[in-house]
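Input: a single structure, listed below in structure tokens.
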Amino acid sequence: MIFEEKPIEVEILLNPAFCGEVFRRCISEYQKYTNSAFPVSIIYLVLALVLHKFTRESILKNRRKQMHVWLQENQEILINLPNRIKSLVSISNETLIFLLHTNSIYINEDGNINLNKYRKKTKGFKNGEISDCFNAAEIIGRWFARVGDETTIYAMLGVKP
């Protein structure tokens, strides 16, 4: 069984379409700045950073800072981060499967993620928590692109791959 059973609230709030848009926005920004594919290993960090309200709000307030500066000034972000990442692995996997199935992404020969072309539809979500999640994902994509190395990203977050 690929998809594990979760409480209905989790299935509704963290559905693959929503999480997929979070991933897509993060990957898009990363690719815009690096002109290269998104490393699969760091996709598992995205939801743990974006969906945690305190972390998301901190990201949005510090969008102009470099990731390492933000982390130095907000070390409380790292508390319980490994557990949040672990708890979201199955949702991340389901989201990746959904994105592959809908032909939204593809995995290149190096095992990294590329976006397929799509027609952007901009409706709603101009304000509110959903918009904040999407904006935070874009900031994370830029931060990851500037750091560049996945090992360094993991080290900065105090997490082992």
Side-chain angles (χ1 to χ4, degrees), residues 4 6 10 13-100 104-116 125 127-161:
E4 70 179 42
K6 300 178 282 298
V10 172
L13 294 172
L14 301 180
N15 67 74
F18 169 72
C19 293
E21 183 62 10
V22 169
F23 280 178
R24 191 198 63 73
R25 287 175 184 246
C26 182
I27 294 166
S28 177
E29 286 296 307
Y30 180 91
Q31 289 182 324
K32 194 184 301 180
Y33 282 84
T34 63
N35 233 5
S36 61
F38 191 90
V40 170
S41 67
I42 60 174
I43 200 72
Y44 292 95
L45 305 173
V46 176
L47 293 179
L49 294 169
V50 170
L51 298 178
H52 186 253
K53 186 174 183 170
F54 178 79
T55 303
R56 178 178 60 249
E57 288 173 349
S58 179
I59 290 167
L60 293 170
K61 288 178 191 169
N62 294 283
R63 67 179 60 232
R64 299 198 191 288
K65 294 183 179 178
Q66 297 293 324
M67 185 175 165
H68 70 281
V69 173
W70 169 69
L71 286 169
Q72 285 176 342
E73 293 175 357
N74 297 280
Q75 291 187 9
E76 65 276 7
I77 298 297
L78 304 176
I79 297 171
N80 209 28
L81 181 63
N83 291 334
R84 287 199 319 263
I85 294 167
K86 282 181 194 175
S87 71
L88 291 164
V89 166
S90 66
I91 292 169
S92 295
N93 286 337
E94 289 175 15
T95 301
L96 287 172
I97 291 167
F98 173 80
L99 292 172
L100 287 164
S104 300
I105 63 169
Y106 66 95
I107 307 295
N108 69 13
E109 60 278 350
D110 296 328
N112 293 319
I113 304 169
N114 283 296
L115 291 177
N116 282 317
F125 308 128
N127 297 314
E129 205 160 352
I130 293 172
S131 175
D132 288 349
C133 288
F134 293 161
N135 291 332
E138 291 170 357
I139 294 164
I140 290 168
R142 289 190 293 273
W143 281 353
F144 285 0
R146 288 183 185 129
V147 172
D149 179 55
E150 26 187 320
T151 307
T152 304
I153 293 169
Y154 271 99
M156 289 169 67
L157 293 171
V159 179
K160 293 182 182 178

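Between I27 and V46 the shortest side-chain heavy-atom distance does not fall below 4.5 Å. Counting only heavy atoms from C-beta outward, the side chains of I107 and I113 approach each other to under 4.5 Å. Residues T152 and M67 fail the side-chain proximity criterion, which asks for heavy atoms closer than 4.5 Å. Residues Y154 and I42 are in side-chain contact: their nearest non-hydrogen atoms beyond the backbone lie under 4.5 Å apart. Between E94 and I97 the shortest side-chain heavy-atom distance does not fall below 4.5 Å.
In this structure, the side chain of N15 engages the main chain of F18 through a donor-acceptor pair within 3.5 Å. Side chain of S87 to backbone of R84: a donor-acceptor contact under 3.5 angstrom is found. At distances below 3.5 Å, at least one donor-acceptor pair connects side-chain atoms of T95 with backbone N or O atoms of I91. Between the side chain of N74 and the backbone N or O of I77 there is no donor-acceptor pair closer than 3.5 Å.
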Would E129 and R56 count as a side-chain contact (heavy atoms from CB on, under 4.5 Å) here? Give the steps. CA-CA 10 Å; E129 205 160 352; R56 178 178 60 249; 2.8 Å; yes
Assess the residue pair C19 and F98 against the criterion (side-chain contact (heavy atoms from CB on, under 4.5 Å)); give the C-alpha distance rounded to whole Å, side-chain angles, the decisive distance to 0.1 Å, and a yes or no. CA-CA 10 Å; C19 293; F98 173 80; over 6 Å; no
Could you walk me through whether F144 and L49 satisfy the side-chain contact (heavy atoms from CB on, under 4.5 Å) test, starting with their C-alpha distance in whole Å, then the side-chain angles of each, then the deciding distance to 0.1 Å, before giving a yes or no? CA-CA 12 Å; F144 285 0; L49 294 169; 4.1 Å; yes
Evaluate side-chain contact (heavy atoms from CB on, under 4.5 Å) for Q66 paired with R146, printing each intermediate quantity in order. CA-CA 8 Å; Q66 297 293 324; R146 288 183 185 129; 3.6 Å; yes
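The two residues P82 and G158 come nearest to each other via the heavy atoms CG-O, 4.5 Å.
A distance of 12.5 Å separates CZ in F134 from SG in C26, rounded to the nearest 0.5 Å. With rounding to the nearest 0.5 angstrom, the CD1 atom of I59 is 3.5 Å from the CD1 atom of I140. Separation of atoms CD1 (I85) and OH (Y44) is listed at 12.0 Å; rounding is to 0.5 Å. For the atom pair CG (N116) and CG (L100), the distance works out to 9.5 Å, reported to the nearest 0.5 Å.
Note on ring orientation: taking the six-membered ring where Trp is involved, the planes of F38 and Y30 are perpendicular (angle over 60°, cut-offs 30° and 60°).
Checked options L78, D149, L71; the residue passing with M156 is L71 (criterion: side-chain contact (heavy atoms from CB on, under 4.5 Å)).
By the side chain to side chain donor-acceptor pair (under 3.5 Å) test, K32 is found to be paired with E29, residues two or more places apart in sequence or in another chain being considered.
A salt bridge links E21 and R25; the closest N-O separation between the charged side-chain nitrogens and carboxylate oxygens is under 4.0 Å.
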